[in-house]
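Everything on this sheet refers to the single structure shown next.
Computation of the quantities below employed the complete heavy-atom set of this structure, encompassing side-chain atoms and omitting hydrogens, waters and symmetry-equivalent molecules.
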Amino acid sequence: KIKTYLAQLEEVSAQLEQTESEISITQDNLAQAKEDEKTQYTALKARIKAMYESGDDDYLQMLLGSGDLKTMLNNQEYISKINEYDHNLLVSLQNIRDQIAAYEAQLEEQKELQEAQKEQYEVEKESLEKIVAQKEEELVILQRNILDKAAEYVKPRGVLIFSTCTVAKEENEENMMWFMNNHPFKLESIDEFVPDELKSETTSLGYLQLLPGVHGTDGFFMAKFRRK
């Protein structure tokens, strides 16, 4: 069951990463389109200024008299009278503005998808955490049952070694203390069995916790008990 939730979590995480990558691309495209629009608009303003300075008022009124670019470009009268350079300039500017609108719509959809994926990720993560917590509780109980049974076979002054392959305190130190509180055993130093670099206050007491980020090993715990 844990593997299933892990697989689902990894899948949602991969989808979220892909969406974030697509959002980044769309944002770059949108930024470029806005820069292109700025360039084209600057060219259009320069063209209008030139017509104004040349006194071409009729042509200028024709360019500025329409409510918007699309209306002008769809008007056959304008198309027949406007020169090719100005027509191409206006078409290019309108295309860029259409492109900006498309990128903005696409970005909005991608961000909505991103939010949905984030919510799904949190749901899957919460489900996994609940399952893991439940399994950890079951392992703690199982280990205590094993320790209960093992204690029955240890003679007085005999030794019992308790070890796990985890870093969870519930399974390690807490179960170690539980065992001593419920059985006639005490910890005994393991210094003579471990290399000098692993000796510490805990090994002198009778237990050792190995950590992946510290000792370059998997998580591992061991404790040595002596029956009273």
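Hydrophobic clustering places V154 together with L187 (ILVMFWY residues linked when any side-chain heavy atoms are closer than 4.5 Å, directly or through intermediates). Under a hydrophobic-cluster definition in which Ile, Leu, Val, Met, Phe, Trp and Tyr are linked whenever side-chain heavy atoms come within less than 4.5 Å, directly or via other members, I161 and I146 are assigned to different clusters. Tracing side-chain contacts under 4.5 Å through hydrophobic residues (I, L, V, M, F, W, Y), one reaches M222 starting from F193; they form part of the same cluster. Criterion: ILVMFWY side-chain heavy atoms under 4.5 Å apart, direct or through other members. Under it, L210 and V194 are part of a common hydrophobic cluster. Hydrophobic cluster membership is shared by L9 and V132, with clusters built from Ile, Leu, Val, Met, Phe, Trp and Tyr side chains linked at under 4.5 angstrom.
One distance of note links CG of L142 with CD of E137; it measures 13.5 Å at 0.5 Å rounding. How far CD1 of I131 is from CG of L128: 8.0 Å, rounded to the nearest 0.5 Å. The CD atom of E136 lies 10.5 Å from the CD atom of E129; values are rounded to the nearest 0.5 Å. Between S13 atom OG and Q120 atom CD the span is 11.0 Å, to the nearest 0.5 Å. For the atom pair Q27 CD and Q106 CD, the distance stands at 11.0 Å (nearest 0.5 Å). In this structure, L205 CG and L208 CG are separated by 12.0 Å, a value rounded to the nearest 0.5 Å.
Heavy-atom neighbours of E115 CD from other residues, nucleotides or ligands within 6.0 Å: above the threshold of 12. No more than 12 heavy atoms of other residues, nucleotides or ligands shown are found within 6.0 angstrom of CG on D218. Taking a 6.0 Å sphere around CD of E126, one finds it holds 12 or fewer heavy atoms contributed by other residues, nucleotides or ligands.
With sequence neighbours left out, F179 forms a ring pair (Phe, Tyr, Trp, His ring centres under 6.0 Å) with H183, F185, F225. Residues meeting the side chain to side chain contact (heavy atoms under 4.5 Å, CB included) test with E109, sequence neighbours left out: none. Partners of K169 by side-chain hydrogen bond (donor to acceptor under 3.5 Å, both in side chains), not counting sequence neighbours: none found. Shown here are the side chain to side chain contact (heavy atoms under 4.5 Å, CB included) partners of Q32, two or more places apart in sequence or in another chain: E35, D36. Applying the side-chain hydrogen bond (donor to acceptor under 3.5 Å, both in side chains) rule to E37 yields the partners R97; only residues at least two apart in sequence or on another chain are considered. Remark: E104 pairs with L30, K34, I100 by the side chain to side chain contact (heavy atoms under 4.5 Å, CB included) rule, at least two apart or across chains.
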**Request:** Determine, step by step, whether Y207 and E173 satisfy the side-chain contact (heavy atoms from CB on, under 4.5 Å) criterion, reporting the C-alpha distance in whole Å, the side-chain angles of both residues, the deciding distance to 0.1 Å, and the verdict.
**Result:** CA-CA 9 Å; Y207 68 96; E173 290 96 329; 4.1 Å; yes
**Message:** Please evaluate residues M176 and N172 with respect to the criterion side-chain contact (heavy atoms from CB on, under 4.5 Å), reporting the C-alpha separation (whole Å), side-chain torsions for both, the decisive distance (0.1 Å), and the verdict.
**Reply:** CA-CA 6 Å; M176 176 184 76; N172 297 337; over 6 Å; no
**Request:** Start with the C-alpha distance between N95 and Q99, add both sets of side-chain angles, then the distance that settles side chain to side chain donor-acceptor pair (under 3.5 Å), and finish with yes or no.
**Result:** CA-CA 6 Å; N95 287 342; Q99 194 175 49; over 6 Å; no
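Shortest non-hydrogen contact noted between G219 and P212 is N-CG, 3.8 Å. Contact between L160 and A150 at its shortest, heavy atoms only, is CD1-CB, 4.1 Å. Here the closest heavy-atom approach between residue D191 and residue S189 is recorded as N-OG, 3.2 Å. Nearest heavy atoms, V140 versus E170: CG2-O, 3.7 Å. Here the shortest heavy-atom pairing between A33 and I96 reads O-CG2, 3.3 Å. Residue L198 comes nearest to T203 through the heavy atom pair O-CG2, 3.4 Å, listed as atom of the first residue, atom of the second, then distance.
For the residue pair T164 and E171, no side-chain donor N or O sits within less than 3.5 Å of a side-chain acceptor on the partner.
The shortest distance between side-chain heavy atoms of L147 and F162 falls below 4.5 Å. The shortest side-chain heavy-atom distance between S163 and F221 does not fall under the 4.5 Å cut-off. Contact check for E108 versus E112: side-chain heavy atoms found under the 4.5 Å cut-off. In this structure, N182 and R144 have side chains that are not in contact, with every pair of non-hydrogen atoms separated by 4.5 Å or more. Here the side chains of M180 and M177 are in contact, with some heavy-atom distance below 4.5 Å. Here the side chains of P184 and R227 are in contact, with some heavy-atom distance below 4.5 Å. Annotation: side chain of Q209 is not in contact with side chain of T202 (no heavy-atom distance under 4.5 Å).
Listed for the R226 side chain is no donor-acceptor partner under 3.5 Å among the backbone atoms of E188. Under a 3.5 Å cut-off, the side chain of T42 and the backbone N or O of K38 do form a donor-acceptor pair. Checked by atom type and distance alone, the side chain of S24 never pairs as donor or acceptor with a backbone atom of E20 at under 3.5 Å.
When each of K118, Q114, Q117 is paired with T19, the side-chain hydrogen bond (donor to acceptor under 3.5 Å, both in side chains) condition holds for Q117 and for no other.
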